[in-house]
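Down below is the structure, laid out as structure tokens.
Predicted model only: the values in this text are computed from it and were never measured.
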Amino acid sequence: MTVNLFMALVLAVLYAVGFYLLMQRSLMRILLGIVILGHASNLLLQLAGGPPERAPILHTAPLEEMADPLPQAMALTSIVITFALTTFLLALAYRGWSMLGHDEVRDDVEDRRIQRLERKLEQEEDEEEEEELEKEATQ
């Protein structure tokens, strides 16, 4: 099986755009990123299946002429998962828009508080280690 350079570039662009959109703050951009990543995954699975061949039904064609059904089944599973994530994110975006008036994902205040506490504890531990090293050096 040979790799089509054009399709490899299309896949690279789709994955790059999908991951870029996934890292944004707007839920609509995150949703578009999930959809684009789903399309890229479907295309990758179809390309992995190779060129179109005969249907994989026993006694209708020799085994060498039959297509591999696994990539097709995985592509169908990918479609279902992408659809489920899309509907969930659409509901989440609608709920956020109706309650807050925007779809921006904000940082959690509790996460910030925990990060500050961790930094403070790390600084205290560093200071204690320095004091112990100074005591050992003076003895």
**Asked** Heavy-atom distance under 4.5 Å between the side chains of I81 and T77, does that happen here?
**Response** yes
**Asked** Would you say Y94 and L90 make side-chain contact, with heavy atoms under 4.5 Å?
**Response** no
**Message:** Closer than 4.0 angstrom, basic N to acidic O: yes or no for R113 and E110?
**Reply:** yes
Distance-minimising heavy-atom pair for [X] and [Y]:
X: A67; Y: Q72; value: CB-NE2, 4.3 Å
X: T60; Y: M66; value: OG1-CE, 4.4 Å
X: Q46; Y: P71; value: NE2-O, 4.1 Å
X: T82; Y: G38; value: OG1-CA, 3.4 Å
X: I36; Y: V17; value: CD1-CG1, 3.9 Å
X: A75; Y: N42; value: O-OD1, 3.4 Å

[X]-[Y] co-clustered via ILVMFWY side chain contacts under 4.5 Å:
X: I30; Y: F88; result: yes
X: L89; Y: F19; result: yes
X: I114; Y: V109; result: no
X: L45; Y: M7; result: no
X: L37; Y: V10; result: yes

**Message:** Could you go through N4 and L47, starting from their C-alpha distance and side-chain angles, then the distance that decides it, and tell me whether this counts as side chain to side chain contact (heavy atoms under 4.5 Å, CB included)?
**Reply:** CA-CA 9 Å; N4 186 350; L47 287 175; 5.8 Å; no
Between atom [atom1] of [X] and atom [atom2] of [Y], what is the distance when rounded to the nearest 0.5 Å?
X: I79; Y: T86; atom1: CD1; atom2: OG1; value: 11.5 Å
X: E125; Y: E130; atom1: CD; atom2: CD; value: 12.5 Å
X: E129; Y: E127; atom1: CD; atom2: CD; value: 11.0 Å
X: K135; Y: L133; atom1: NZ; atom2: CG; value: 11.5 Å
X: Q24; Y: E104; atom1: CD; atom2: CD; value: 11.0 Å
X: L22; Y: L31; atom1: CG; atom2: CG; value: 10.5 Å

**Prompt:** For the side chain of S78 and the backbone of M74, is there at least one donor-acceptor N/O pair under 3.5 Å apart?
**Reply:** no
**Request:** Tell me, with the steps shown, if L43 and L11 meet side chain to side chain contact (heavy atoms under 4.5 Å, CB included).
**Result:** CA-CA 7 Å; L43 184 59; L11 277 173; 3.9 Å; yes
